[in-house]
2 protein chains.
Amino acid sequence: MYELFFQKFNEKVPLTSEEQEQIKAYLTPKKLRKRQYLLQEGEVCRAIAFVEKGALRAYTVDESSNEHIIQFAIEGWTISDLYSYLTGEPATYNIDALEDAELVLITRTAHEELLRTQPKYETFIRLLITGAYIALQRRLASNISLPAEERYTCFTETYPDIAQRVPQHMIASYMGLTPETLSRVRKKMADRR
Amino acid sequence: MYELFFQKFNEKVPLTSEEQEQIKAYLTPKKLRKRQYLLQEGEVCRAIAFVEKGALRAYTVDESSNEHIIQFAIEGWTISDLYSYLTGEPATYNIDALEDAELVLITRTAHEELLRTQPKYETFIRLLITGAYIALQRRLASNISLPAEERYTCFTETYPDIAQRVPQHMIASYMGLTPETLSRVRKKMADRR
DNA sequence: ATGGTTCCTTGACAAAAGTCAAGGGTTTTT
DNA sequence: AAAAACCCTTGACTTTTGTCAAGGAACCAT
């Protein structure tokens with residue numbers, strides 16, 4: 001159940017098996033069916049979810065009830081409303097499963113205990129967030145400086161697995177485009193070959 | 001010289017004065033004149049810069065030699081090409097001073113020493129990056145889901161100080177707009193009052 | 001002081017993206 | 001097996017944004 005989680009953990013910070021058992025005691029497994037919510041806007045985000053299996057997304061809904069996809073997460077990645085998680089403020093994101101999923105949850109209390117007692121956990125989290133920050137900065141740079149087509153190419157090259165598993169209209173939303181526009185961009189690309 | 005740096009540090013992680021002196025020994029002060037580079041694309045980013053005074057920006061230059069502003073930093077904030085800093089890869093950003101500036105540099109070697117020897121430093125860095133990550137996620141959300149005008153309003157409300165100190169065309173670039181478009185957006189807003 | 005940047009604005013036009021509406025192919029549900 | 005929901009595509013049209021060009025104000029440097 002925790003294989004991938006500890007694989008990723010060990011890649012960042014090697015653990016002895018005692019440390020691993022110690023940490024494991026704080027983790028909560030959770031299964032989610034497709035379309036089930038992990039978090040709804042307005043609730044407090046109680047856990048960081050590491051994806052062992054399946055796919056999830058985080059999204060907002062605006063006044064015109066358009067969905068805007070903030071983030072995808074598949075095997076090996078984490079997802080949460082970090083702001084809500086850390087501050088206890090109501091979440092602004094919804095998170096739900098795009099496929100049946102198996103998660104490893106780090107609840108807020110587990111997080112705080114682990115930070116207090118296990119220095120390697122703090123290092124792990126620091127590296128995790130640093131990686132997420134760098135990835136996000138790339139995404140933002142591509143968003144403000146590239147035209148739609150290059151943004152899409154860039155996305156499919158960086159995340160070929162997500163591009164295949166997720167409906168196109170969600171990818172459009174992730175890139176800040178309408179489904180129609182992405183459809184046309186793809187057509188134009190196809191016509192050129 | 002390090003007042004603001006340690007003020008911010010203590011807000012996140014309180015330090016004894018011995019700890020503070022210990023950390024201070026690893027820091028490097030640096031002054032920068034307006035228009036001077038802190039980092040040029042292709043170099044390796046050797047330091048995280050904390051701004052004690054002044055204003056800086058990070059930006060990329062594309063094939064058509066358009067500048068795209070990735071980040072601003074004024075008093076109390078940090079700036080760097082974090083990816084280059086951590087991996088030693090050549091930087092993809094340029095960083096320069098928009099006003100005469102006083103910086104506190106954390107060099108890569110200082111960073112590693114501090115991580116090894118001073119647990120509170122790791123906590124400080126973790127909180128720093130977490131804050132940056134959350135801010136970036138907000139910026140991205142506003143970028144993909146809001147029209148230009150609301151994005152601009154949101155920016156000026158969140159960073160009124162930056163909005164006033166920085167040339168408009170840089171703010172346009174930061175938001176992924178041309179200077180002309182931002183100028184028109186502002187005109188439209190002004191006409192409505 | 002003056003000549004040169006830099007910065008902002010405006011106009012006319014072009015390109016990109018959004019909106020609305022319809023249709024058809026899947027998959028899911030009942 | 002039929003109905004419903006979902007997803008993608010396409011067309012016609014509108015809105016938003018970008019591009020190119022010009023001009024004027026403010027700031028700088030010699």
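So you know, we letter chains A, B, ... as the sequences are listed, proteins then strands, and number each from 1. Any value given below was found using the heavy atoms of this structure, including those in side chains, with hydrogens, waters and symmetry copies removed.
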Can you confirm whether or not the ring centre of B:Phe155 sits under 6.0 Å from the ring centre of B:Tyr174? yes

Whole-Å distance, B:Glu99 CD to D:dC27 P, equals 15 Å

Next on the checklist: With a 4.0 Å cutoff (strictly under), does any side-chain N or O of B:Gln168 reach OP1 or OP2 of C:dT9?
Outcome noted: yes

Between NZ of B:Lys188 and C1' of D:dT17 the distance, given in whole Å, is 10 Å

note: B:Arg35, atom CZ; D:dC28, atom C1'; distance rounded to Å ~ 11 Å

Comparing nearest nucleotides in DNA chain C, the 5'-proximal residue of the pair B:Pro167, A:Leu177 is B:Pro167

So, do B:His111 and B:Tyr121 have ring centers that fall under 6.0 Å from each other?
yes

Result for 5'-nearest mapping on DNA chain D, choosing between B:Thr181 and B:Lys34, is B:Thr181

**Prompt:** Using a cut-off of less than 4.0 Å, is there contact between a side-chain N or O of A:His169 and OP1 or OP2 of D:dC8?
**Reply:** yes

When rounded to whole Å, the CD to P distance for the pair A:Glu180 and D:dC7 reads 14 Å

- prompt: Can we call the ring centroids of A:Tyr83 and B:Tyr133 under 6.0 Å apart?
  reply: no

Among the nucleotides C:dG18, D:dC8, C:dT9, whichever has the atom closest to the side chain of B:Ser183 is C:dT9

B:Leu146 atom CG is separated from D:dT17 atom P, nearest whole Å, by 12 Å

In whole angstroms, the gap separating C1' of D:dT16 from NZ of B:Lys187 amounts to 18 Å

Here the distance between atom C1' of D:dG18 and atom CD1 of A:Ile144, to the nearest Å, is 16 Å

Here the distance between atom P of C:dG11 and atom CZ of B:Arg184, to the nearest Å, is 8 Å

Test: B:Arg116 and B:Glu122 ion pair at under 4.0 Å
no

